[in-house]
Amino acid sequence: MFFSFSLSVALPALRAGELFLLASCPGAVPENNTPAVALCANMPAEGLPVGAVLRAGDEVLLNVEGQTLWPGWERPLFLGRALVDIPTGEQKLNVTREGCALGVITLSDKGFAGEREDASGPALLDMARAALPVCHARRFLLPDEPARLRNLVLNLAGQGYDLLISTGGTGLSPRDLTPEALIPILDRRLPGFEQAMMAASLLKTPRAVLSRALAGTVGQTLILALPGSARAARENLEAVLESLPHALEKLGGDMSDCGRS
């Protein structure tokens, strides 16, 4: 979750709050640069993960908010935001990231159509931010469509999100297909997480046996698929919340022993 390296960047003039694109060289520059494009002469092959910040000395100038495709460019571009006014010019910036990037995905046909307020997503976001050192967080709202969920999860995992929490689609209704969407793309299931969530739910109601909440990994991204009910989603997340920091450290490559102290 932590890294640091230097990057040479040819920056356009930017105003604080302005979005722009970070691109590696070489690349064909579109005729109409909207938004502005910053060219990075020595970007690493894996690119810039979401949540990274670019500093000049102790001052944070820019942050990375995601990845996007743009006409005229052969490779994906990285979406950045200027945090201060920046003049045109080339600078050598230090790139760092401390903490984890968090995404919360709410699956709800009615919510997506604007017919129901999302209560689960904000609650899960608040819980995770209180328990983890979060450097970037974003909520997403999708209908109950497996292909859209699968594509979003793969895209966000590729952008460097450390933790993705979905809510909804884990029951037995005809459109409850979150497990069917996610299981084919998981590298590993986490049965301990799933058992802990089920045990916590069964303490509340015997109907918890119907839940198909799951946990697993896609690359270095941890995935939790929780029920759609705000109460059930909070109960499931609470059951595994204390284990998340250590799980993310191990998934990120921490080689230290896991034994009890």
Side-chain angles (χ1 to χ4, degrees), residues 1-5 7 9-12 14-25 27 29-30 33-40 43-55 60-84 86 93-107 112 118 121-122 124-125 128-129 132-142 147-167 182 185 217-224 248 251-252:
M1 292 192 293
F2 172 82
F3 64 83
S4 177
F5 61 89
L7 194 67
V9 185
L11 292 166
L14 297 168
R15 294 181 179 178
E18 184 178 356
L19 287 170
F20 67 100
L21 299 173
L22 283 155
S24 60
C25 296
V29 180
N33 288 337
T34 304
V37 177
L39 296 177
C40 305
M43 185 183 292
E46 63 272 18
L48 301 175
V50 64
V53 297
L54 284 72
R55 303 171 182 267
V60 179
L61 303 184
L62 321 163
N63 65 6
V64 179
E65 296 194 352
Q67 189 178 117
T68 187
L69 297 174
W70 198 262
W73 290 85
E74 298 178 356
R75 303 176 184 175
L77 303 179
F78 302 91
L79 189 63
R81 187 180 297 276
L83 302 180
V84 297
I86 301 171
L93 302 178
N94 193 39
V95 185
T96 62
R97 196 177 82 150
E98 299 182 35
C100 67
L102 165 68
V104 175
I105 306 166
T106 299
L107 294 149
F112 188 76
D118 176 20
L124 296 174
L125 189 63
R129 294 187 80 157
L132 296 166
V134 174
C135 63
H136 175 86
R138 185 176 174 187
R139 286 171 51 207
F140 303 86
L141 181 60
L142 294 180
R148 293 186 65 168
L149 174 60
R150 185 162 50 244
N151 290 339
L152 178 61
V153 167
L154 288 173
N155 181 278
L156 296 179
Q159 291 186 36
Y161 277 79
D162 301 283
L163 175 62
L164 297 175
I165 305 173
S166 73
T167 170
L182 295 180
I185 64 172
T217 64
V218 175
Q220 291 186 307
T221 304
L222 179 61
I223 314 291
L224 298 177
L248 292 173
L251 193 56

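Nothing fancy with the numbering, it's 1 onward along the sequence.
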So [Y] and [X], do their side chains get closer than 4.5 Å, heavy atoms only?
X: Leu54; Y: Val64; answer: yes
X: Leu21; Y: Leu79; answer: yes
X: Arg139; Y: Pro122; answer: yes

Nearest 0.5 Å please: distance from the [atom1] atom of [X] over to the [atom2] atom of [Y].
X: Leu61; Y: Leu83; atom1: CG; atom2: CG; value: 8.0 Å
X: Ser24; Y: Leu39; atom1: OG; atom2: CG; value: 9.0 Å
X: Leu164; Y: Arg138; atom1: CG; atom2: CZ; value: 12.0 Å
X: Ile223; Y: Tyr161; atom1: CD1; atom2: OH; value: 12.0 Å
X: Leu22; Y: Leu7; atom1: CG; atom2: CG; value: 8.0 Å
X: Leu19; Y: Leu14; atom1: CG; atom2: CG; value: 10.0 Å

Sidechain-backbone polar pair: [X] side chain, [Y] backbone, donor-acceptor under 3.5 Å:
X: Asp162; Y: Ala101; answer: yes
X: Arg97; Y: Leu48; answer: no
X: Arg81; Y: Gly17; answer: yes

Minimum heavy-atom distance [X]-[Y], with the two atoms named:
X: Phe20; Y: Ala82; value: CE2-N, 3.7 Å
X: Leu102; Y: Ala128; value: CD2-CB, 3.6 Å
X: Gly219; Y: Leu251; value: O-CD1, 3.7 Å
X: Ala36; Y: Pro12; value: CB-CG, 3.7 Å
X: Leu77; Y: Ala23; value: CD2-CB, 3.4 Å
X: Cys40; Y: Val9; value: SG-CG2, 4.1 Å

Going by atom type alone, with no hydrogens or angles, which donor-acceptor pairs under 3.5 Å involve a side-chain atom of residues 150-157 and a protein atom two or more places apart or on another chain?
unit_1	atom_1	unit_2	atom_2	d
Arg150	NH1	Ala181	O	3.3
Asn151	ND2	Ala147	O	3.2
Asn155	OD1	Gln159	NE2	2.5

**OP:** Identify the residue among Thr106, Leu124, Ile105, Leu125 that makes a side chain to side chain contact (heavy atoms under 4.5 Å, CB included) with Ile165.
**Re:** Leu124
